[in-house]
Amino acid sequence: MYNHLEIDKKWQNRWESAGVFKAEDYSVKPKKYLLVEFPFPSGAGLHVGHPRSYVALDVMARMYRAQGNNVLYPMGWDAFGLPTENYAIKTGRPPAEATAENIATFKGQIQSLGLSFDWSREINSTDPGYYKWTQWQFLQFFKAGLAYKAKTMINWCPKCKIGLANEEAQGGVCERCGGPVEKREKEQWMIGITKYADRLISDLETVDYLPRVRKQQEEWIGKSEGAEIEFKIEGSDKSMRVFTTRPDTLFGVTYVTLAPEHTLVGEITTAEQRAAVSEYVAAVARKTEMERTDATREKTGVFTGAYAMNPANNERVPVWISDYVLAGYGTGAVMAVPAHDERDWEFAKKFGLPIKNVVAFGMSPAEKDTIASYEKGFAEYIEKTPEQLTGVGKKWIDDFLERVRGSKAVLEIGTASGRDANYFSANGLEVIRTDAVEKFVEYQKSLGHAAEKLNILDDALSYDAYDGVFANGVLLHANESGCAYAIRAINNSLKNGGFVALSFKNGVGEKIESEKVGGARYFKFWKQNDVSSLLNKSGFDVLTVSESEDGKWLYVIAQKKTDAGAFVEEGVAVNSDFLNGLATSEAKTNMIAWLEEQKVGARKITYKLRDWVFSRQRYWGEPIPLVHCDSCAGEKLQYVFIHGFKGSVNTDFFPWLKIQMESRDHSVVALELPNADEPNVEEQVQFLLDNVTFTPNTVIVAHSLGTVVAQKLLPKLLVRVRKTVLIDGFMEPVFVDHSRPKVEQAVDWNFDIAGVNNATQELVLLADETESVFPLEQHRKMARAYKAAIQVVKPVEEHFCADIEPAILDLVTITGWNALPDSALPLTLPQVEKYEPTDNGESPLASISEFVNTTCPRCGGAATRETDTMPNWAGSSWYFLRYIDAHNDAEFAAAEKLKYWMPVDLYNGGMEHTTLHLLYSRFWNKFMFDCGFVPTSEPYARRVSHGLIMAEDGTKMSKSKGNVVNPDEIVAAQGADTLRMYELFIGPFSEPAPWSENGVSGVRRFLDRVMRLPEMIVEADSEEVLRTLHKTLKKVSEDIDRMSFNTAVAQHMTFVNSVYAAGGISRESLKTYVRLLSVFAPHVCEELWEALGGEGLVSAQSWPQFNHNLVIDETFELVVQINGKVRDRIIAATGMPDDELKALALSSPKIVEWLAGVQPEKVIVVKGKLVNIVIP
RNA sequence: GCCCGGAUGGCGGAAUUGGUAGACGCACAGGACUCAAAAUCCUGCGAUCGCAAGGUCAUGAGAGUUCGAUUCUCUCUCCGGGCACCA
């Protein structure tokens, strides 16, 4: 028994004084940045679950260091948070005090584990030196127009008079008092994360995240493509816009529905319906979130009395309101197509609204042609070998290979020939063959059919031995028997009320791996089948039937009966005017084109992701460094629009903006500049100087060449203008455009950057990520040069695009909110008497008049501060950047250091942070990247997740259950190394695992055995010990690399067992082994290293290398099987050739006996492993 | 409801691309040391039949593919996680 209490402390102190774990900026060694989520230091202290990931990454950090890497493995405190705040409310103690105590506790606990954190970079998100930069970065969002104030619903507890976070209002009940929670409208700061939605999805391809993490992110962002369509309200000049992913069903609209909160509701409701509507709206408002989102609930709703006009056919449809339409998604209004949407169908059924079919089950003529051509190709393919194919046959096979590329397997159904299987195998596909067809043919024969004249169809329908085979089937061969199976499958599926399954589309199968066949369609029926009754059974009416060219098949168009539910699959358009006969995908495209042409709709992409609510009415958070100034807000401004080239300020989005600004009582100057076709920038600048009176209240809005004009113009102004917004601004004419030479001639490209900056109070760039005209990098360069705010928008597909109008409007609008100057940061949290929000739900800061009342940083007049604070996710969105330069007071981190360390190489954290923290911090980093402040677009190269450590009873550890295990107890009783190794040994790192007291003592026993190894030192190692040592060196290194820590620990135990079995180990080998073990059990190993006379600290030694020759044994145990059953094991020499292994196996006495003279049919030899003898 | 995981001895868990199922640890049993106990060391430890040699059955259930399946395919059951009226 070693004295852990003594050695743990001893070595922790030595490490600290030696500074062995300090990461070195700019070291020439390869850098590795390992990151664990920084904890919230709660009053309860650490529990045994926390250190699991710390220890795991510590092992990696120590190994990588020993392998010659410059490792950054930092730790800090995410200390703003509700528990501390609630504690302050209850006790009146300042949260900063409690936080300091909690951090001390946490830090002591973490340090007692001997983790190799670089404590010199410790951070604390509540430290003003840290949150100064959280505030500064927030201001960048603000300046770029990404932070805005908007009304949102918050959870409000009327009893506690406090706004609640979602996690405090679970189940619609206040966590504090248990009373019901209401929704209340509140103005909040929001950050426009939705502007980054698309990049947050697409950039996931560039990083290595756990697949489920990636998937969860994608689903959370929830991108869907469709169209926005305008419906005019009858007898009114009002109109509503709906979002739909199925514009192809526009002719099937039988009513439209608004969310009860929709602003139009009050405006269009008729007098007769007013009472019913307002009652419904009020009833919905009373409902809790839970009640509203219960999908199983029966539909409710009310008719508004108004009618809308379907833009496709000018049909008059009633306008309803219903809470199944969500106000926050799309436009808050839907066009209801009950025939093809389940929710609309339910609603229509309930309220007796008409149901109009516009999509039929079937195949479009175009698809028919495609398939016919594929079938010809397939016919040719059947005649020839794949290598001989040309023309249609070649096309078929190429297409097939293209479609199934990447599949793990192709399930071959139909009359599979070995030829095909071989060909596909040769092309890298794993082919699984089924004998379904052969057996089916036998079955048919058993019914008395001649083999060459089988009654495939009828038999298939009565043959039920293969039910289920196709439910997820992949059809490779659509020949006759294959089709018989297809029918079988269709039949099965119809029986179950679903759709199948099999795809004849393009005549080839779908991928097994991911696509399954849910989305596939089937269309073709064997002629002899009673198609009508088949389809009738699952609720379809047959519309048309036509024969295939060869007369063997029927093409069917069928329509779901309106009382049989909604037909939501893709199909062919019917009753849809110009869409008739088109497949769903073509119908969508055509409809969108038509809508755009008629100017009643447009293609549209919508996301589930909402903008980030960035304020809370609480004390314990970063104060928002903004000031509201009424006089700034009330200023009447003069907007000067500058375009300048080939087009005018009176086209595209300027007129729209003009109307917006004039409706707000601002003046707008939108002059045609001279020579717009052959522009000369200097001439245009002079024109503006001559014709416009610029004032301090001027806002310059410039676009395209106008941005160049503006950059030339600004230094020449005699006044400092209020703001300049450059849309699609550029520094250099790098775009390829017919006008480029003219532009190049028109201007010299040297700008007076200081002059521009002096001439405008604010400068903002709106850049276009799609690079349709100017590369994004040019924008970034420009933003950096001017130190201007930049907002990157997407998607903008054209030079001018209505999509960005709202973004422009935001940028050019002056709200009266002003940012504090950098010199005023940090804006520190003032001392308050009471930590409780005020009675009307404002943060306690609102009650401190010295804090609230201040002067406007812009005009010097009286102004008020924002009293909301930032949410918990703010500080954690960029903490990984601060570790890189934790003490920098001039910047949040130096660019050079960021360039050296970023991105994080490995980031471990809980699955619970996948959708919020991970998404927010990726977004934050992306914005900072756009501004040129950080070097990578993605912050984390790799993201992994650990499983929770459960209590011994298998439930989650929680204070209330009293089943929490405190690591201090384990460290005190068994030592830090025992805890470390047990946390890793407990099970696979990514899986949850229950804590076990007994398991801990097993690890302690192992460490005691290790500590006794010096007593067993001998002159020379036995062969066995030496070989096991090198195998251990290899396996442990590999296991750490692939984060399989539990097996690495097991291998350590195996090695020590082998030393005990052998009775001794040499000093050299033991020293080698101690280096290997030191990353798991550093304290014990330092002690041993010292005892063995090792130089310096074992933590500073290099990683031991294994010897290849010692890893491979000279002999191995050859397993001899007969028909797959183990019958003998023989020692054989490593590397023995196959035929010798075979001879050796066949000559074994046991095998001879088992074979009893029977001649083997086949003998399979697996090198280095086994021989399998196949006998009949 | 949908989407992801997962299911292996009494327990936690091993099993690199299909190739000896149960590594390692816990618990348990036996032995050595001891007056005794603890600690330590050694041995055994899936079920079943057998004195034994050895056989048979076993990786949630049922099928399939394969010379050979814990691993691949299909169906079903149960457990865990995520999303949940997203038009």
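Just so we're clear, the structure is a prediction, and the values are computed from it rather than from any experiment. Convention: sequence-line order gives letters A, B, ...; per-chain numbering from 1.
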Student: Using the C1' atoms only, state how far B:C49 lies from B:U40, rounded to an integer number of Å.
Tutor: 38 Å
Student: Determine: side-chain N/O of A:Asn1046 to OP1/OP2 of B:A14, distance under 4.0 Å, yes or no.
Tutor: yes
Student: Taking the six-membered ring where the residue is Trp, are the ring centres of A:Phe347 and A:Tyr255 under 6.0 Å apart?
Tutor: yes
Student: B:A87, OP1 or OP2 - any side-chain N/O from A:Ser224 closer than 4.0 Å?
Tutor: yes
Student: Is the base of B:C26 touched by the side chain of A:Asn998 through a donor-acceptor pair closer than 3.5 angstrom?
Tutor: no
Student: So, is A:Arg1009 near the phosphate of B:A39, with a side-chain N or O under 4.0 Å from OP1 or OP2?
Tutor: no
Student: Within the pair A:Tyr329 and B:A87, is there a side-chain N or O less than 4.0 Å away from OP1 or OP2?
Tutor: yes
Student: Rounding to an integer number of angstrom, what distance separates B:A53 and B:C45 when you compare their P atoms?
Tutor: 12 Å
Student: Could you tell me the separation between the OH atom of A:Tyr982 and the C1' atom of B:C24, rounded to a whole number of Å?
Tutor: 13 Å
Student: Touch check for A:Ser996, heavy atoms < 4.0 angstrom, all strands: base, sugar-phosphate only, or nothing?
Tutor: nothing
Student: Apply the syn/anti split at 90° from 0 to B:G9 and say which one it is.
Tutor: syn
Student: When you measure from the side chain of A:Thr245 to the backbone of A:Glu225, do you find a donor-acceptor pair of N or O atoms at a distance under 3.5 Å?
Tutor: no
Student: Hey, what do you get for OH (A:Tyr280) to CH2 (A:Trp320), rounding to the nearest 0.5 Å?
Tutor: 10.0 Å
Student: Checking base pairs now: Watson-Crick or wobble, both atom distances under 3.5 Å. What partners B:A52?
Tutor: none
Student: Nearest whole Å is fine: how far is B:C26 P from A:Arg1004 CZ?
Tutor: 14 Å
Student: Indicate, yes or no, whether a donor-acceptor pair under 3.5 Å links the base of B:C3 to the side chain of A:Lys215.
Tutor: no
Student: Which nucleotide in the set B:A27, B:C85, B:G19 lies at the smallest distance from any side-chain heavy atom of A:Lys299?
Tutor: B:C85
Student: Contact class for A:Glu1117 vs. all strands (heavy atom < 4.0 Å): base, sugar-phosphate, or nothing?
Tutor: base
Student: For the residue pair A:Tyr1073 and A:Phe1055, categorise the inter-ring angle as parallel (less than 30°), tilted (30 to 60°) or perpendicular (more than 60°).
Tutor: tilted
Student: Over 60° means perpendicular and under 30° means parallel, so tell me whether A:Phe989 and A:Phe1045 are parallel, tilted or perpendicular.
Tutor: perpendicular
Student: Using the P atoms only, state how far B:C78 lies from B:C42, rounded to an integer number of Å.
Tutor: 47 Å
